[in-house]
Protein chains: 2
Amino acid sequence: MQPSPPTRPALRARYDRRRELVVDTAARVFAERGYDQTSVQELTEAMGLASGGLYHYFESKQHLLIEICDQLMDPLLEQARELLAPDGAPDEQLRALVRLWVAHVVEHRGHMLVFQQERHLIERGDEWRNVRDSRKQFERLVAGVLERVHREDAVLPDDGRLALAALLGMVNHTVQWYRPGGRLTPLDVADGYVDLLLARSAR
Amino acid sequence: MQPSPPTRPALRARYDRRRELVVDTAARVFAERGYDQTSVQELTEAMGLASGGLYHYFESKQHLLIEICDQLMDPLLEQARELLAPDGAPDEQLRALVRLWVAHVVEHRGHMLVFQQERHLIERGDEWRNVRDSRKQFERLVAGVLERVHREDAVLPDDGRLALAALLGMVNHTVQWYRPGGRLTPLDVADGYVDLLLARSAR
DNA sequence: TCGAACTTCGAACGACCATTCGGTAGAGTC
DNA sequence: GACTCTACCGAATGGTCGTTCGAAGTTCGA
């Protein structure tokens, strides 16, 4: 049976906070040890709960995993849409989008690593449709911006399709090496990527 | 107890061929369903063996996984070393290296996906030292070439460190989208990546 | 202060799974 | 043709794990 938040509004905030803690902790632990290799025991211990306590917030271990992915993709997609809503110069839109994206990825390191590790799960099964769709939608947004850059400047390799793959690769891979507090800020990284793509245009 | 190949030389070739089949099949199935989510039953079924048969070739399921990663990294590292042994123009060496690398990744799709999925395993534990070292060595080779390109042309963003991360991201991500028989050959892809990195230099 | 709603506990359960091992059939060797 | 090495089988085993559920403790609202 799937759990539901408390009906009394006064308790809602605490419930939500607690649930967030569960998700964030799980993202970190799953990223470190792997989803399957983390038992519910270990997981709940890391949150200060007993094993049964998890099921107060989530129907199952898998639903927790889905929530991690949703909390990664949904806000990113929404913010990207807001960013691209007003018209603007394509290359400036591209830069703003990549900045947002890199910052998001860096701030959700655990979520992102889990998302990548469990790619094979995400690509099958009905429960994963929302995650799949969100990713697809986001990639479409990026592709759209790249196409506009290409149409305006004609500087991207290959009509932009290889550029899309390259950009996805660079940004998603960031989480594997980037550590906050290092020499580069997320902004530096994002601009570095964009500069690579736009290097052939006049700057 | 770890299994050993037959002592009689006449039987060795067949044993090796069979063992290769096990590794390649496992790479494909693990990539598709995930390592932990594939039972030894399912796995051996896909090879035409009964569950116990696996242990004729591998000590454990985990040792099979290690072998998959070794068979991915070791030949790549060796070929890369051969390629870089003779002196040559840095940007030509870079191009040749990326061509080799992309081709290898595309030809070992399953191995590569498994390698990425099980990153968290690879980063801990003594059994994984060889895999870790191979990857490290390979990344050092790439970094070395990039440094030489940078020293000669001074065109890479950020002394080449961000360029290294970008290149690793692009190439490793290739396995997520590239399908043989499509519009692009592995060569096109590799050259596309290199052109992105070298775009600011005279071409 | 009382009762209802909420939160957590943790032992128990049933399912699954990696690995073992005694057995078998066939291929190679003399 | 007998003996040995090789390849594989597949039921049995021991252990682990996700999930359940009744009870206990806590917080809130009246």
Side-chain angles (χ1 to χ4, degrees), chain A residues 1-23 25-26 29-30 32-68 114 118 121 125 127, chain B residues 1-26 29-30 32-68 114 118 120-121 125 127:
Chain A
M1 262 249 286
Q2 57 177 336
S4 45
T7 49
R8 276 188 283 178
L11 299 182
R12 184 58 190 264
R14 185 169 43 150
Y15 179 89
D16 286 346
R17 239 183 302 123
R18 209 94 177 84
R19 196 173 188 271
E20 280 309 288
L21 175 80
V22 171
V23 175
T25 308
V29 177
F30 284 162
E32 209 171 300
R33 300 206 217 288
Y35 170 72
D36 288 292
Q37 272 141 83
T38 306
S39 69
V40 172
Q41 291 270 352
E42 292 173 293
L43 186 64
T44 48
E45 220 165 274
M47 307 163 174
L49 284 180
S51 65
L54 174 67
Y55 297 86
H56 186 62
Y57 297 97
F58 288 96
E59 192 177 343
S60 71
K61 194 186 175 192
Q62 185 178 195
H63 280 81
L64 170 56
L65 181 61
I66 295 175
E67 180 72 19
I68 290 173
V114 171
E118 303 305 322
L121 267 184
E127 315 93 323
Chain B
M1 262 249 289
Q2 58 177 332
S4 44
T7 48
R8 277 186 282 177
L11 298 182
R12 182 58 189 264
R14 185 170 41 148
Y15 179 88
D16 286 345
R17 236 183 305 122
R18 209 91 178 87
R19 196 172 186 273
E20 280 309 288
L21 175 79
V22 171
V23 175
D24 290 343
T25 309
V29 177
F30 285 162
E32 209 170 301
R33 300 206 217 288
Y35 171 71
D36 288 291
Q37 273 143 89
T38 306
S39 70
V40 172
Q41 290 271 353
E42 292 174 294
L43 186 64
T44 48
E45 219 165 273
M47 308 163 172
L49 287 179
S51 64
L54 174 67
Y55 297 86
H56 186 63
Y57 298 97
F58 289 95
E59 191 178 344
S60 70
K61 195 186 174 191
Q62 184 176 196
H63 280 81
L64 170 56
L65 181 60
I66 294 175
E67 180 72 19
I68 290 174
V114 172
E118 303 304 322
H120 56 99
L121 267 184
E127 314 94 325

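Throughout, protein chains are lettered first and strands after them, A, B, ... in sequence-line order, and every chain is numbered starting at 1. What you see below is based on every heavy atom in this structure, not just the backbone, and it leaves out hydrogens, waters and symmetry mates.
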Check your understanding: Do the rings of B:His56 and B:Tyr15 sit parallel, tilted or perpendicular, given the 30° and 60° boundaries?
Key ->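 Answer is perpendicular, since the angle exceeds 60°.
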
Practice item. Could you say whether A:Pro6 or B:Arg14 is positioned toward the 5' end of DNA chain C, judged by the nucleotide with the nearest heavy atom to each? Key: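 By nearest-heavy-atom nucleotide position, the 5'-most residue is A:Pro6.
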
Practice item. Would you kindly compare B:Pro9 and B:Ser60 by the position of their nearest DNA chain C nucleotide and give the one closer to the 5′ end? Key: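 Nearest nucleotide further toward 5': that of B:Ser60.
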
**Study point:** Flag, side chain of A:Glu42 to backbone of A:Ser39, donor-acceptor distance under 3.5 Å
**Key:**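 Checking the backbone N and O of A:Ser39 against the side chain of A:Glu42, a donor-acceptor pair under 3.5 Å is found.
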
Review point. For the side chain of B:Lys61 and the backbone of B:Tyr35, is there at least one donor-acceptor N/O pair under 3.5 Å apart?
Key: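 Such a contact is found between B:Lys61 side chain and B:Tyr35 backbone.
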
Review point. NA contact type, A:Arg12, heavy-atom cut-off 4.0 Å: base, sugar-phosphate, or nothing?
Key: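 Touches nothing.
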
Review point. A:Thr38 near the nucleic acid: base, sugar-phosphate alone, or nothing, with a heavy-atom cut-off under 4.0 Å?
Key: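 A:Thr38: backbone/sugar contact only, no base atoms under 4.0 Å.
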
Point to revise | Contact under 4.0 Å: B:Thr7 side-chain N or O vs D:dT6 OP1/OP2 | key: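 Yes, because at least one side-chain N or O of B:Thr7 sits under 4.0 Å from OP1 or OP2 of D:dT6.
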
Review point. Are OP1 or OP2 of D:dT27 and a side-chain N or O of A:Arg8 less than 4.0 angstrom apart?
Key: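 Looking at the OP1 and OP2 atoms of D:dT27, neither is under 4.0 Å from any side-chain N or O of A:Arg8.
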
Would you mind reading off the distance between [X] atom [atom1] and [N] atom [atom2], rounded to a whole angstrom?
X	N	atom1	atom2	value
A:Lys61	D:dT16	NZ	P	15 Å
B:Gln41	D:dC9	CD	P	11 Å
A:Phe58	D:dT20	CZ	C1'	18 Å
B:Leu11	D:dC5	CG	P	12 Å
B:Leu21	D:dC8	CG	C1'	14 Å
B:Arg18	D:dT6	CZ	P	17 Å
A:Phe30	D:dG18	CZ	C1'	12 Å
A:His56	D:dA24	NE2	C1'	15 Å

Review point. Are A:Glu127 and A:Gln62 close enough, and set up right, to give a side-chain contact (heavy atoms from CB on, under 4.5 Å), and what steps lead you there?
Key: CA-CA 9 Å; A:Glu127 315 93 323; A:Gln62 185 178 195; 4.1 Å; yes

Check your understanding: Of the non-hydrogen atoms in A:Met47 and A:Val22, which two are nearest, and what is the gap between them?
Key ->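 Looking at all heavy atoms of both residues, the closest pair is CE-O, 3.3 Å.
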
Check your understanding: What are the two closest heavy atoms between B:Thr25 and B:Ala46, and how far apart are they?
Key ->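 Shortest heavy-atom separation between B:Thr25 and B:Ala46 comes out as CG2-O, 3.7 Å.
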
Check your understanding: To the nearest 0.5 Å, how far apart are CZ in A:Arg19 and CG in A:Leu21?
Key ->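 Spacing of CZ (A:Arg19) from CG (A:Leu21) equals 12.5 Å.
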
Practice item. Would you grab the first and last nucleotide of DNA chain C (5' to 3') that comes under 4.0 Å of any non-hydrogen atom in chain A? Key: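 Listed 5' to 3', the contact boundaries are C:dA5 to C:dA11.
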
**Study point:** Of residues 46-55 of chain B, the positions that come close to DNA chain C - non-hydrogen atoms, cut-off under 4.0 Å
**Key:**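 Nucleic-acid contacts, sorted: B:Gly52, B:Tyr55.
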
Practice item. Would you mind reporting whether B:His63 and B:Gln2 have side-chain heavy atoms less than 4.5 Å apart? Key: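 Not in contact.
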
Review point. With a 4.5 Å limit on heavy-atom distance, are the side chains of B:Glu118 and A:Gln37 in contact?
Key: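 Counting from C-beta outward, B:Glu118 and A:Gln37 do come under 4.5 Å.
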
